[in-house]
Amino acid sequence: MAKLNIVLYEPEIPSNTGNIGRTCVATGTRLHLIEPLGFQLTEKALKRAGMDYWQDLDVATYINYDDFLERNQGAVIYMATTKGQRVYTDVRYEEDCYIMFGRESAGIPEEILAYNRDHCVRIPMLGEIRSLNLANSVSIVLYEALRQNNFSQMQLIGHLTKYDSYIQ
């Protein structure tokens with residue numbers, strides 16, 4: 001079964017990663033974390049942001065970018081960056097593609113972007129804003145990829161889950 005993939009390159013803020021993990025669980029998306037991380041995976045802030053969804057997360061960790069490439073050979077990787085020339089909605093996302101986001105403080109390193117210029121995408125925003133919050137950016141691009149793939153594997157009609165007791 002094909003599934004979309006979110007890749008976080010050296011994320012620094014645990015609450016962002018926790019929120020992204022929760023979004024990945026809700027969408028059936030796999031999360032890939034490229035080390036070094038700016039936190040421990042056991043941190044309370046990470047778990048708090050992901051709530052009790054974290055144990056259901058399909059997550060892989062990598063010691064560095066080369067390890068990620070080695071273990072995901074042939075992957076189609078789109079890179080979300082303020083330096084992208086194409087708007088994220090102008091790309092056709094394959095149902096098993098990887099969408100990479102960089103560090104909160106610095107984004108994806110220029111040397112990685114230079115090698116992948118054709119797969120760089122950006123979210124439009126006003127010029128005086130440096131960037132959006134990482135978790136928000138992931139949600140924006142991920143849901144566009146899901147929409148393009150007709151929300152494959154997702155139920156579009158309301159249903160009960162093991163988490164419904166939280167909203168009752």
Would you sort out whether Val59 and Arg30 count as a side-chain contact (heavy atoms from CB on, under 4.5 Å), showing the intermediate values?
CA-CA 6 Å; Val59 62; Arg30 187 163 200 216; over 6 Å; no

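- Met100 and Val87 are assigned to two separate hydrophobic clusters, defined by single-linkage of ILVMFWY side chains at heavy-atom distances under 4.5 Å.
- Residues Lys3 and Gly28 share a closest heavy-atom pair of CE-O, 3.4 Å.
- At least one side-chain heavy atom of Tyr65 sits less than 4.5 Å from a side-chain heavy atom of Tyr9.
- A single hydrophobic cluster is seen to contain both Val138 and Phe39, as judged by linkage of ILVMFWY side chains at heavy-atom distances under 4.5 Å, directly or through other members.
- Minimum heavy-atom separation, Glu144 to Arg147: OE2-NH2, 2.7 Å.
- Grouping the Ile, Leu, Val, Met, Phe, Trp and Tyr side chains by contacts below 4.5 angstrom, directly or via other members, places Leu146 with Val91.
- Between Phe101 atom CZ and Ile108 atom CD1 the span is 8.0 Å, to the nearest 0.5 Å.
- Atom CG of Leu8 sits about 11.5 Å away from atom CD1 of Ile99, to the nearest 0.5 Å.
- Pro11 has its side chain within reach of Leu33: a pair of non-hydrogen atoms, C-beta onward, lies under 4.5 Å apart.
- Nearest heavy-atom pair, Gly21 versus Leu57, reported as atom, atom and distance to 0.1 Å: O-CD1, 3.5 Å.
- Across all their heavy atoms, Gly84 and Cys120 have their closest contact at CA-CB, 3.9 Å.
- In this structure, Leu142 and Ile6 have side chains that are in contact, with non-hydrogen atoms separated by less than 4.5 Å.
- No close placement of the Tyr78 and Tyr98 rings is indicated, their centers lying 6.0 Å or farther apart.
- For Thr29 (side chain) and Val25 (main-chain N/O), no donor-acceptor pair under 3.5 Å exists by modelled atom type.
- Inter-residue side-chain proximity for Asp58 and Cys24 is flagged as unmet; no heavy-atom pair is nearer than 4.5 Å.
- Within 6.0 Å of atom CZ in Arg130, 12 or fewer heavy atoms from other residues, nucleotides or ligands are found, so the atom counts as exposed in its surroundings.
- Here the side chains of Leu41 and Thr61 are in contact, with some heavy-atom distance below 4.5 Å.
- Ser105 contributes atom OG, which lies 11.0 Å from atom CG of Leu134 (distance to the nearest 0.5 angstrom).
- Tyr88 contributes no side-chain N or O that, together with a main-chain N or O of Ile140, makes up a donor-acceptor pair within less than 3.5 Å.
- Within the 4.5 Å cutoff, no side-chain heavy atoms of Glu35 are placed close to those of Glu10.
- No donor-acceptor pair under 3.5 Å is formed between the side chain of Asn149 and the backbone N or O of Phe151.
- The CZ atom of Arg22 lies 11.0 Å from the OG atom of Ser139; values are rounded to the nearest 0.5 Å.
- The side-chain heavy atoms of Arg103 and Pro109, taken from C-beta on, include a pair separated by under 4.5 Å.
- Among Glu94, Arg92, Glu95, the single residue meeting the side chain to side chain donor-acceptor pair (under 3.5 Å) criterion with Gln148 is Arg92.
- The main-chain N or O of Asn136 is found under 3.5 Å from a side-chain atom of Asn133 such that the two form a donor-acceptor pair.
- Residues Met125 and Met79 fall into different hydrophobic clusters, defined by Ile, Leu, Val, Met, Phe, Trp and Tyr side chains chained together at heavy-atom separations under 4.5 Å.
- Looking at Glu104 and Asn16, their side chains do bring a donor and an acceptor atom within 3.5 Å of each other.
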One pair to check against side-chain contact (heavy atoms from CB on, under 4.5 Å): Tyr62 and Leu69. What are the steps and the verdict?
CA-CA 9 Å; Tyr62 305 88; Leu69 292 177; over 6 Å; no

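- When the side chains of ILVMFWY residues are joined at heavy-atom separations under 4.5 Å, either directly or via intervening members, Ile77 and Ile20 end up in two distinct hydrophobic clusters.
- One distance of note links CD1 of Ile123 with OG1 of Thr81; it measures 10.5 Å at 0.5 Å rounding.
- Screening residues 112-122 for side chain to side chain donor-acceptor pair (under 3.5 Å) gives Glu110-Arg117 as the qualifying pairs, with residues at least two apart or on separate chains.
- Between Phe68 and Ile63, the closest side-chain pair of non-hydrogen atoms is not below 4.5 Å.
- With values rounded to the nearest 0.5 angstrom, Thr17 atom OG1 is found 7.5 Å from Leu31 atom CG.
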